[in-house]
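Presented below is the structure to which this report refers.
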Amino acid sequence: MPRGARMEAFVKTVCEQVRFKRAKPGIARELMDHMCDQQQAYLRQGMEEDEAEKRAVEQMGDPVTVGMQMDLAHRPKPQWGFFILTVGLLAAGIAVQGALFGQGDSDRLFVTLIAAALGGLGMAAAYFADYTVLARAPMGIYWGLLAAALLLYVLFPAEGGEAQRGTLLFLLFPTAYAGIVFHYRKRGYGGLMISFGFLAAGVLFCMWCFRIRMGFLCLFSGLLLLTLAVVKGHYGVKKRWALPLLYLPVAAGCGVFAFGYWQRLMTAFSREEGLGYLTAVTRQLLEGAALLGPGATAGSLGRLPELHTDYLLTFLIVRFGWLPFFLVLGLLALFFGYAVVRCLRQRGVLARMTAAAVLSPLLIETGFYLAANLGWMELSSLPLPLLSYGGAGLVLHLVLIGFLLCVFRCGSMEGPPPLACQTHAWIQLADGVLSVRFRKPRS
């Protein structure tokens, strides 16, 4: 029998019992590594190579039984809890919009329902996608996203103060950028600076052609990814040098931006003009809100423009009271709390990066929206995930959540798969031979 044929036949039989295709390469690699290690142990005892291979395969047990155990251990894990939270938030958003649009503006509610249906299909497609494509084609995904945004910018120019079409496409930018970070993660300071350059290019393009706030969302999300990669040691650089290399240029850029917009920024906290006018109106409306039911200022909600997009939570508080708002806020807290915990538990590098890339823009959007709707600062114009009105935004948010569910469902398959037969014990006793493993198995 050719050298290694017994091992290959054993691995093939085991993998035939495993139904989840994405887990098979890792299982095959792990089984082969273990049998090769065991064969080497037998060779050191003076055994012939063919006999050593035969004994190493026999020690693994029946391949069909091992394969059935692998199949049980490597099944995708449906994320029903997270899915239920998503549906709950979506239902809450539709209910609040129904109350807002119920008086002769049913067309917008119809748009929301259509977007929810399309977004559900997109979420299902993303749920069954393969998130590792970010590692296989990072450049194509990154430049493809920017090319699509540029095409929308050229074909659909903004008119009359309307938002530039294609702006919300940058909600996908952090996810595409995660592939860039993963691609350059082992290249030291050079790889870190190249990754930062890709981030700067995307952010500046977004700010120049689309919206400054969306550019900041991409910037903060990208910095979070780079910071996590540096802290986790993926670039192989020293944190005390690498982090200043990232944050000093960003701080300088933000300083230049703040200098140019200083007066407008200050009005958000002081005078009732410019950006500060919306903040002052929001605070005045909230002062008349009740614990439950319409507040004293419910009749003045028309003072706020774009209630359905930028100030939906303010409408909820003033029209229905603080208690319904806290219920929605509790749903958001459960949603993001669950997502953050699952993100931190991902043991695969790409899975953790992808989950963080999807989650960070959703968190930043929610933070901006809450700040505007509670009268802290005028930071609206970015949608509130699953709750505020917007067809394209709702579809993209559901697609992102589907991709996040995909990572949570399959992320455990990325790292070295656990073996049910305990073949990676540090100390093994087989056929009267005591073996001690002094190195970790290769993945």
Side-chain angles (χ1 to χ4, degrees), residues 111 115 118-119 121-123 125-126 129 131 133-184 194-226 250 253-254 257 309-310 353-354 356-365 368-369 379-385 388-404:
V111 170
L118 294 176
L121 294 176
M123 184 171 70
Y131 73 91
V133 69
L134 294 173
R136 298 197 302 271
M139 297 300 172
I141 294 173
Y142 177 89
W143 292 116
L145 178 66
L146 294 188
L150 180 61
L151 185 63
L152 290 173
Y153 177 78
V154 172
L155 294 180
F156 303 101
E159 296 180 0
E162 292 182 356
Q164 172 65 53
R165 292 192 183 185
T167 300
L168 292 178
L169 198 61
F170 277 88
L171 290 173
L172 306 178
F173 177 82
T175 303
Y177 181 66
I180 299 292
V181 176
F182 184 83
H183 180 72
Y184 287 102
I194 293 173
S195 300
F196 184 78
F198 276 101
L199 174 62
V203 168
L204 291 175
F205 174 69
C206 180
M207 288 184 172
W208 183 266
C209 297
F210 297 92
R211 282 189 175 179
I212 291 177
R213 288 171 189 165
M214 183 61 76
F216 274 112
L217 181 145
C218 295
L219 175 63
F220 296 152
S221 299
L223 275 180
L224 175 63
L225 286 177
L226 288 175
V250 173
C254 290
F257 172 82
T309 55
D310 293 347
M353 283 186 181
T354 306
V358 174
L359 190 56
S360 56
L362 301 180
L363 273 169
I364 293 170
E365 281 181 300
F368 281 7
Y369 203 93
L379 286 172
S380 58
S381 78
L382 292 178
L384 178 62
S388 65
Y389 173 80
L394 181 56
V395 172
L396 288 174
H397 283 129
L398 287 171
V399 169
L400 283 173
I401 291 171
F403 208 58
L404 189 61

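Side-chain contact between P138 and F182: absent, with no pair of heavy atoms (C-beta onward) separated by less than 4.5 Å. Between E365 and L171 the shortest side-chain heavy-atom distance falls below 4.5 Å. Considering only heavy atoms from C-beta on, L151 comes within 4.5 Å of L155 through its side chain. Put simply, the side chain of F216 reaches to within 4.5 Å of the side chain of C254, judged on heavy atoms. Side-chain contact between I364 and F368 is present, with heavy atoms from C-beta onward closer than 4.5 Å. No side-chain heavy atom of L134 sits under 4.5 Å from any side-chain heavy atom of M353. Contact annotation: the side chain of F210 never approaches that of L168 to less than 4.5 Å [non-hydrogen atoms, C-beta and beyond]. With a 4.5 Å cut-off on side-chain heavy atoms, L398 and L394 count as touching.
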Any chance you could lay out the side-chain contact (heavy atoms from CB on, under 4.5 Å) test for L396 and L400, step after step, and finish with the verdict?
CA-CA 6 Å; L396 288 174; L400 283 173; 5.5 Å; no
Step-by-step side-chain contact (heavy atoms from CB on, under 4.5 Å) determination, L217 to F173
CA-CA 10 Å; L217 181 145; F173 177 82; over 6 Å; no
Please walk me through it: do T354 and L404 pass side-chain contact (heavy atoms from CB on, under 4.5 Å)?
CA-CA 8 Å; T354 306; L404 189 61; over 6 Å; no
Could you walk me through whether S388 and T309 pass the side-chain contact (heavy atoms from CB on, under 4.5 Å) test, one step at a time?
CA-CA 5 Å; S388 65; T309 55; 5.6 Å; no
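Centroid-to-centroid, the aromatic rings of F403 and Y131 stay 6.0 Å apart or farther.
Ring-plane geometry between F198 and Y142 is classed as perpendicular, the angle between the planes exceeding 60 degrees on a 0 to 90 degree scale with a lower cut at 30.
For the atom pair SG (C218) and CG (L204), the distance works out to 11.0 Å, reported to the nearest 0.5 Å. Atom CE in M139 sits 4.0 Å away from atom CD1 in I180 (nearest 0.5 Å). Atom CG of L219 sits about 13.5 Å away from atom CE of M214, to the nearest 0.5 Å. Remark: I141 CD1 to T175 OG1 distance equals 10.0 Å, nearest 0.5 Å. Summarising the geometry, atom SG belonging to C209 is positioned 10.0 Å from atom CG belonging to L146; distances are rounded to the nearest 0.5 Å. Here L169 contributes atom CG and L145 contributes atom CG; the two are 5.0 Å apart, rounded to the nearest 0.5 Å.
A distance-only check finds a donor-acceptor pair linking the side chain of Y177 to the backbone of S195 [under 3.5 Å]. At distances below 3.5 Å, at least one donor-acceptor pair connects side-chain atoms of H397 with backbone N or O atoms of G393.
Between A357 and S360, the shortest heavy-atom distance links the atoms O-OG, 3.4 Å.
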